[in-house]
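Proteins get letters first, then strands, A, B, ... in listed order; numbering begins at 1 in each. In what follows, every heavy atom counts, from backbone to side chain, and hydrogens, waters and symmetry copies are set aside.
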There are 2 protein chains.
Amino acid sequence: MGITIQEASRRSGLSAHTLRYYERIGLIHEVERDPSGHRAYTESDLAWLDFLTRLRSTGMPIADMCRYAELRRRGPGTTAERRRILEAHRERVRTRIARLTEDLGILDYKIDFYATTEAR
Amino acid sequence: MGITIQEASRRSGLSAHTLRYYERIGLIHEVERDPSGHRAYTESDLAWLDFLTRLRSTGMPIADMCRYAELRRRGPGTTAERRRILEAHRERVRTRIARLTEDLGILDYKIDFYATTEAR
DNA sequence: GCTTGACTTCGAGCGCGCTCTAAGCGGCAA
DNA sequence: TTGCCGCTTAGAGCGCGCTCGAAGTCAAGC
């Protein structure tokens, strides 16, 4: 019934090692176990993992993610603070995109320059 | 006449430690010295540093930057390869921006959700 | 019963990109 | 001349985010 660690790994794109690591540091809370002690992930765990990987891929540090995860565990009284964390992070992501876009322009310029020089 | 390491640090945004490190690994080539052996950077060094920091900030690994720096040192016969490196990198940057933009949408959605829940 | 293989825990190890320390030198001011 | 400051080198150390290894358990198949 539960989802094995291999399956969770396949679906989340994280290695089994990383899944255990995430649990150990508190990013995922107490995954259920089958009778022989093996992890049995739920769909809800996978949805949470999916969100976590998005935070990661946008550059949120593990420590901040842990903070967020802890608030989530503490329940509905923490939504305002969670929202603030996400808003602050969103701002960083926007800044990051702006900077990348700017640097992309420089890259275009350099590449054009090489192309022109070669054509000469 | 030459620019001191402190000045180069201030203008590049890199620490003096990092400037020496970059030179040691070959990212910057043989910075000139004043009579007492202290580094004397040129405007051209600073322009190059500026470009390097852009490559870094767009996520190019140090190893790739070293490769690029070496081609540059080898002279004008290597422009085609340098262009290819930049083009490949540009593609990665574009992908990265696309991914970030997508994740930004998820972040917006989550934040809206919290805002709505709180307002209820 | 024995092998195989995937799981478990816990702690050590790794790769990257710096960052810092130790030991020493040169130049200037008091 | 003494003290201080900022530079020099070579090499060690660090923080992050995994990643791996060792040693053990359990269930299934031969």
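Take R99(A) and apply the side-chain contact (heavy atoms from CB on, under 4.5 Å) test, not counting sequence neighbours, and it matches E102(A), D103(A), R54(B), S57(B). When the side-chain contact (heavy atoms from CB on, under 4.5 Å) test is applied to A80(B), the partners found at least two apart in sequence or on another chain are E118(A), R84(B). For R90(B), the salt bridge (charged side-chain N to carboxylate O under 4.0 Å, His left out) partners two or more places apart in sequence, or in a different chain, are D108(A). With sequence neighbours excluded, the residues satisfying side-chain hydrogen bond (donor to acceptor under 3.5 Å, both in side chains) with S15(B) are T18(B). In this view, A98(A) satisfies the side-chain contact (heavy atoms from CB on, under 4.5 Å) rule with no residue, not counting sequence neighbours. Listed by chain and residue number, R11(A) satisfy the salt bridge (charged side-chain N to carboxylate O under 4.0 Å, His left out) test with E43(A) (two or more places apart in sequence, or in another chain).
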List the steps, then state whether side-chain contact (heavy atoms from CB on, under 4.5 Å) holds for L14(A) with L52(A).
CA-CA 11 Å; L14(A) 300 166; L52(A) 285 181; over 6 Å; no
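Residue Q6(A) places none of its side-chain N or O atoms closer than 4.0 Å to OP1 or OP2 of dA6(C). Here R39(B) does not reach the OP1 or OP2 of dG6(D): none of its side-chain N or O atoms lies under 4.0 Å away.
A heavy atom lying under 4.0 Å from DNA chain C marks none of the residues of residues 92-99 of chain A. Only H17(B), T18(B), Y21(B), Y22(B), R24(B), listed by number, bring a heavy atom of residues 9-24 of chain B to less than 4.0 angstrom from any atom of DNA chain C. DNA chain D is contacted by R56(A), P61(A), I62(A) of residues 52-64 of chain A, taking any non-hydrogen atom closer than 4.0 Å.
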For every nucleotide of nucleotides 24-30 of chain C, 5' to 3': is a protein heavy atom under 4.0 Å from its base (B), only from its sugar-phosphate (S), or from neither (-)?
--SS---
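When rounded to the nearest whole Å, the span between CE of M65(B) and C1' of dC18(C) equals 12 Å. Computed from coordinates, the E7(B) CD to dC7(D) P distance equals 11 Å when rounded to whole Å. The interatomic distance linking D34(B) (CG) with dG6(D) (C1') rounds to 12 Å, in whole Å.
Using modelled atom types and a 3.5 Å distance limit, the side chains of R82(B) and Y114(A) yield a donor-acceptor pair. For the 3.5 Å distance criterion, the side chains of T58(A) and H89(A) qualify, holding a donor opposite an acceptor.
For I5(B), counting side-chain heavy atoms from C-beta on, the closest listed nucleotide (dC7(C), dC7(D), dT9(C)) is dC7(D).
Between Y22(A) and L49(A) the shortest side-chain heavy-atom distance falls below 4.5 Å.
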Donor-acceptor contacts, no H, no angles, side chain residues 70-77 of chain A, under 3.5 Å, sequence neighbours left out:
from	atom 1	to	atom 2	distance (Å)
E70(A)	OE2	R74(A)	NH1	3.1
R73(A)	NH2	G26(A)	O	2.5

Can you check nucleotides 28-30 of chain D for protein contacts, nitrogen or oxygen pairs under 3.5 Å, and list what you find?
none

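Note: Y41(B) OH to I28(B) CD1 = 5.0 Å, rounded to the nearest 0.5 Å.
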